[in-house]
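All residue numbers refer to positions in the sequence shown, counting from 1. All ligand and atom numbering here is 1-based and tracks the order in the structure.
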Amino acid sequence: MIYSGESLFISKADNGVAHLVFDRKSESVNKFDRLAVDEFTAALNKLEDEPGVTGLILGSAKGVFVVGADIGEFTAVFKEPDDKIAGYLRPHSDNLRRLEKFDYPVVAAINGFALGGGLEVCLACDVRVASELAGVGLPETGLGIIPGWGGTARMPRVVGVQTSLEWITSGRQQNAQAALDAGVVDFLVPADELMAKAGAVMVDCQSGALDYKAARAKKETTAAEIVAEANSIGEEWTANIAGKYGAHFPAQGFAAQSVLQGLEKTLDEALVIERQCFVDAAKTDQAKALVGNFLSDQYLMKCAKDRARTIAAPATCAGVLGAGIMGGGIAYQSALTGTPAIMKDIAQEGLDLGMGEASKLLSRLVKKGRMTEEKKAAVLASITPTLEYDKGFKKVDVLVEAVVENIKVKHAVLTDVESRMNPSAIICSNTSTLPITDLAEPLARPGQFCGMHFFNPVHAMPLVEIIRGAKTSEGTINRAVAYALSLKKKPVIVNDCPGFLVNRLLFAYFAGFMQLVYAGADYEVIDKAMEKWGWPMGPAYLADVVGLDTMQHCDDVLGAAYVSRLKKEFKSWYQVVIDMGGLGQKNGNGFYNYSIVDGRPSKAVNDGVKARVTELAKPSKVFTETVIVERLMIPMAIEMAFALEENIVASPQEGDVALLYGVGFPPFRGGIARWMDAIGLKIFCDMADKYTDELGPLYEVTARQREMAANAETYYGS
Ligand SMILES: NC(=O)c1ccc[n+]([C@@H]2O[C@H](COP(=O)([O-])OP(=O)(O)OC[C@H]3O[C@@H](n4cnc5c(N)ncnc54)[C@H](O)[C@@H]3O)[C@@H](O)[C@H]2O)c1
């Protein structure tokens, strides 16, 4: 053994070929945290002192190769001055450079994921052999940064500019075949032949049959044709990236700058340019937010998995009541992810609709080549549609109720189904507005009842709110969390309150929208301003997509619950449109008109609605984009403060993630609590105070927020 550490070891075979094996003890994956980088340095020192080495093969003893840097270390590093951030990159960057200076061949044997730093180490090797199970990519731009261990400097020298810019700016993970096609890896073999092939490649390199020195030289000085490629496409790419990602995602621009500027330099000079671009990206608020999102997601999933581990057994059969938009979606998702579902409705048309939707979604997967016809048939067969309770409800471990939003109907349905189920089963309601504690009232086992609030469309929306009623047991919450995980969803646990977390925050934002339109603002202008701020759609458009009847119902419920903040003195704009026959996108008529033009969905402002709104609102007035953003975002931010102070949600991390996954909050802003932190609580309070005289309690910050402002505290504590 030449070296043995916590993260990797190096051994030497009889033929003199050294094997550096990544194998992080007591962790499921390999990563380049500070410990692994220090060990890599120490291991190379030992290797350099070792006599008789004739080659080096890098591999992994885990299911993955190396998944990248330790993102958990970024937050602290990115707060450091520029030279310290560059200093964080330097040791490993130097390590990879050392691989290119050994006087023997260096081969990477990529068995699984080689992402970020994991792929960068492979790019520093002379030859890359991949298993069919490998997955590679440089996902850094998704975190608001760029590859910093040579990815932007080496990749274009190996595969050219176009591929590098595509891979690096999209951050997309690629499968082994795509990597071979692009030239990122040189050989592709079945998993069980990987090490034999790496050994054979090593022999070819040693014999000269494979010119590894040419591959190495290609990286030192860029080939003329690659410089020519950069000259021909570089400018257009730079312009396209600016247009596509804009100011909200600056990392893509920094990545392209690093790729293009480094090409005409030596590799060492290109690495210096890369480090500077990395530093520039790391200092942005976007990097802070995107890295924060990643860590919050990890935190959320760890909490969820810890809970799921406590349950005796996973659900083997699900029940779904109501085969409508939501029930059909839940049954589909359950069947797709391996838990058969019995789906009951009172109307055959409901069942037909639910099964039809499931079939349509599965056919789409088949068409995309992501599922076979046999698998589709098997998934469909694992949904049992029924109008009766005789289809095995005794077998159901977890039931989700998704019938009409009416407390009397839900009470009747829930008590009925409870009496027909195994006493150990849990029951969840997908209600969007009814308090879980009230719904549990007539149940014999209220401890085994909770909310499980899915978002529409169920198959596409990652969030599920798990709602704890006054009598819900922790065991029930844990089982609902486990079921949500099995459905491949992100469960956020919240305490019961009207609107739960996400709708409560969303309707505070919409209350700001309502008031602003009443004050004379043009809703189309508001939509444009909010989309520019980063929302996937502005509030009027979003209301149309949700459905104006649904919006009105939620607005009524939340207006009655949070009277001082959310109740209006004027008729809601949803009701105004409903009165004109508009339900939003679903009937093609809302704040906008929806139609199909040249086979594509098209949206145009609804002149009739706009005229009616103008007539009912105060005289038209122009508001700046800043005022528009403040008037909509401040109420949402204050509502988050209430939700945290009332312990509706346990942490800003969970609250922010819920908004990201539930309503598409702009990811580069990292959530509403992080937005307040980015502004600073003192400035936030001053900003809100400007509006309270005119607009009242919707803009009144909490006492705790004033205290936080006075003490210079933040939600994230940093
Ligand atoms: N649509 C959404 O965007 C959305 C989002 C989140 C939550 N929700 C909630 O999900 C629930 C269902 O909403 P939806 O949009 O799917 O409604 P929907 O009208 O599409 O479907 C309701 C289904 O329930 C059936 N039903 C009525 N009474 C029943 C009974 N006694 N037993 C069995 N089935 C019965 C109806 O026949 C219908 O098929 C509601 O509580 C709603 O608030 C809806």
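Not a single salt bridge (Lys or Arg N to Asp or Glu O under 4.0 Å) links Glu418 to another residue, sequence neighbours left out.
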Output a table of donor-acceptor pairs, distance under 3.5 Å, between side-chain atoms of residues 363-371 and any protein atom two or more places apart or on a different chain; print 'none' if there are none.
residue : atom : partner : partner atom : Å
Ser363  : OG   : Ser359  : O            : 2.9
Ser363  : OG   : Lys376  : NZ           : 2.8

Inset, instruction - Before giving the answer on side-chain contact (heavy atoms from CB on, under 4.5 Å), spell out for Arg420 and Leu399 the whole-Å C-alpha distance, their side-chain angles and the decisive distance to 0.1 Å. - result: CA-CA 12 Å; Arg420 296 168 188 275; Leu399 178 124; over 6 Å; no

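A salt bridge does not link Arg612 with Asp579: every distance from a Lys NZ or Arg NE/NH1/NH2 to an Asp or Glu carboxylate oxygen is 4.0 Å or more.
Relative orientation of the Phe393 and Tyr389 rings is perpendicular, given thresholds of 30° and 60° on the angle between their planes.
The salt bridge (Lys or Arg N to Asp or Glu O under 4.0 Å) contacts involving residues 461-487 comprise Arg307-Glu474, Arg468-Glu474, where partners must be two or more places apart or lie in separate chains.
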For ligand 1, output the ligand-protein N/O contacts shorter than 3.5 angstrom; if there are none, return none.
residue  : atom   : partner : partner atom : Å
ligand 1 : 3 (O)  : Asn456  : ND2          : 3.3
ligand 1 : 10 (O) : Asn430  : ND2          : 3.0
ligand 1 : 16 (O) : Ile325  : N            : 3.3
ligand 1 : 16 (O) : Met326  : N            : 2.8
ligand 1 : 20 (O) : Ile325  : N            : 3.1
ligand 1 : 37 (O) : Asp345  : OD1          : 2.6
ligand 1 : 37 (O) : Asp345  : OD2          : 3.4
ligand 1 : 39 (O) : Asp345  : OD2          : 2.6
ligand 1 : 41 (O) : Val403  : O            : 3.3
ligand 1 : 41 (O) : Glu405  : OE1          : 2.5
ligand 1 : 41 (O) : Lys410  : NZ           : 2.7
ligand 1 : 43 (O) : Glu405  : OE1          : 2.9
ligand 1 : 43 (O) : Ser432  : OG           : 2.7

